[in-house]
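Read through the structure below, which is laid out as structure tokens, and then see the notes.
Order of listing sets the numbers, starting from 1, for every ligand and every atom in it. Reckoned from all heavy atoms, side chains included, excluding hydrogens, waters and symmetry mates.
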Amino acid sequence: MLTAPDVPARGAGRFAPTPTGRLHLGNARTALLDWLAARSAGLRTVLRVEDLDPRAIPDGILEGQYADLDWLGLTYDEGPNVGGPVGPYRQSERSDQYAAVLRALDGLGLLYPCWCSRREVRKAARAPHASDEGPVYAGTCKPARAAPLGDLDRLPQKRGRDPALRFDVASAFARLGLDALTYADRLAGPQRFDMITRMGDFVVRRVDGIAAYQIACSWDDVAMGCTRVVRGADLIASTARQLLILRALELPEPTYAHVGLVVDHAGRRLAKRDGDIALTELREGGVAPSAVIRLLARISGLPDTADLGALVDAFDLKTLDPGEVKLPPPPWF
Ligand code: GLU
């Protein structure tokens with residue numbers, strides 16, 4: 001069994017961007033709300049870079065994200081550029097820890113190798129459900145009886161393919177005596193996930209050997225002493241998977257608050273590819289960061305000010321609306 005790592009006594013909030021694209025106004029709102037929630041509760045602020053697959057990170061994006069956050073005045077007590085007691089703060093430098101988490105889960109008999117291609121997963125999927133991660137896995141490679149696999153670096157190939165590793169949700173439920181995964185979201189309220197039928201066995205290590213986001217994120221929140229997770233509502237189903245991992249390993253759980261996503265005035269979700277709302281573009285175009293903070297505060301129902309100190313003083317997570325947040329029609333600045 002893994003022991004819970006030593007972490008600073010003072011808890012933390014965290015902002016955990018994946019540097020695959022430029023940050024946009026929606027990401028900035030999440031970063032701001034996480035930062036305000038942490039600062040107003042006297043917690044540490046952690047910046048964690050979720051660059052699990054460094055080959056997927058385009059040149060310049062990471063530096064752009066650092067510059068955007070600095071420009072907004074969101075400073076972090078710990079992170080890749082400032083260091084800290086529970087680093088490294090880039091996931092690409094933490095793969096040995098994720099391997100240990102996978103070994104611990106395997107010790108409980110909760111993993112199995114899966115040789116299915118994406119296409120095979122889609123074809124065999126139980127219609128009509130699809131989870132946020134795609135089709136619910138039909139269990140094609142699932143063994144009749146769960147057992148530890150042993151050396152996870154020497155799993156056999158099948159049909160010339162290396163396997164991914166999947167997490168056996170039903171075995172974890174049986175172990176924990178669960179019939180659904182439940183938790184109380186600090187913003188979205190009580191949550192219940194019928195994970196076996198609605199989500200299925202999810203990938204925890206990719207075919208190329210890289211740990212999946214669910215492993216890295218759940219472990220890092222614990223290992224970095226992040227006690228309060230504030231993140232976008234698109235990740236609420238991931239929370240079920242992450243909590244199941246933590247509960248199976250008997251590790252401490254952070255609290256979670258999922259904040260509504262930002263949509264444009266026409267109701268479309270913002271995407272990193274939409275250059276017009278990229279922070280880098282605004283920064284380089286001469287927009288004042290105070291104007292951005294003020295816009296974000298206004299759409300979030302916070303005091304109409306760009307003064308971060310005043311926003312910290314007035315902040316109360318419970319007053320946020322967990323629903324989608326609409327930007328007014330441009331121009332905003
Ligand atoms: N890295 C994830 C993203 O950029 C967020 C992870 C998290 O906040 O837990 O979508």
Atom pairs and distances, donor-acceptor, side-chain atoms in residues 176-185, under 3.5 Å, two or more places apart:
unit_1	atom_1	unit_2	atom_2	d
Y183	OH	D185	OD2	2.7
Y183	OH	H258	ND1	3.4
D185	OD1	L187	N	2.9
D185	OD1	A188	N	2.8
D185	OD1	H258	N	3.1
D185	OD2	H258	ND1	2.6

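Linking ILVMFWY residues whenever their side-chain heavy atoms come closer than 4.5 Å, directly or via other members, leaves V86 and V222 in distinct clusters. Taken together through direct or relayed side-chain contacts under 4.5 Å among Ile, Leu, Val, Met, Phe, Trp and Tyr, I61 and Y66 form parts of separate hydrophobic clusters.
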Side chain to side chain donor-acceptor pair (under 3.5 Å) between S218 and R241, worked out: CA-CA 9 Å; S218 54; R241 300 186 185 93; over 6 Å; no

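Neither the backbone nor the side chain of N27 has a heavy atom within less than 4.0 Å of ligand 1. Under 4.0 angstrom from ligand 1, there are no non-hydrogen atoms of F15.
Around atom 6 (C) of ligand 1, the closest heavy atom drawn from E50, R231, R48 belongs to E50. Considering only non-hydrogen atoms, atom 7 (C) of ligand 1 lies nearest to R14 out of Q91, H258, Q242, R14.
Listed by chain and number, the hydrophobic cluster partners of V121 are Y112, Y137, where partners are ILVMFWY side chains within reach of under 4.5 Å, directly or through others.
At a 3.5 angstrom cut-off on N or O pairs, C217 does not count as close to ligand 1.
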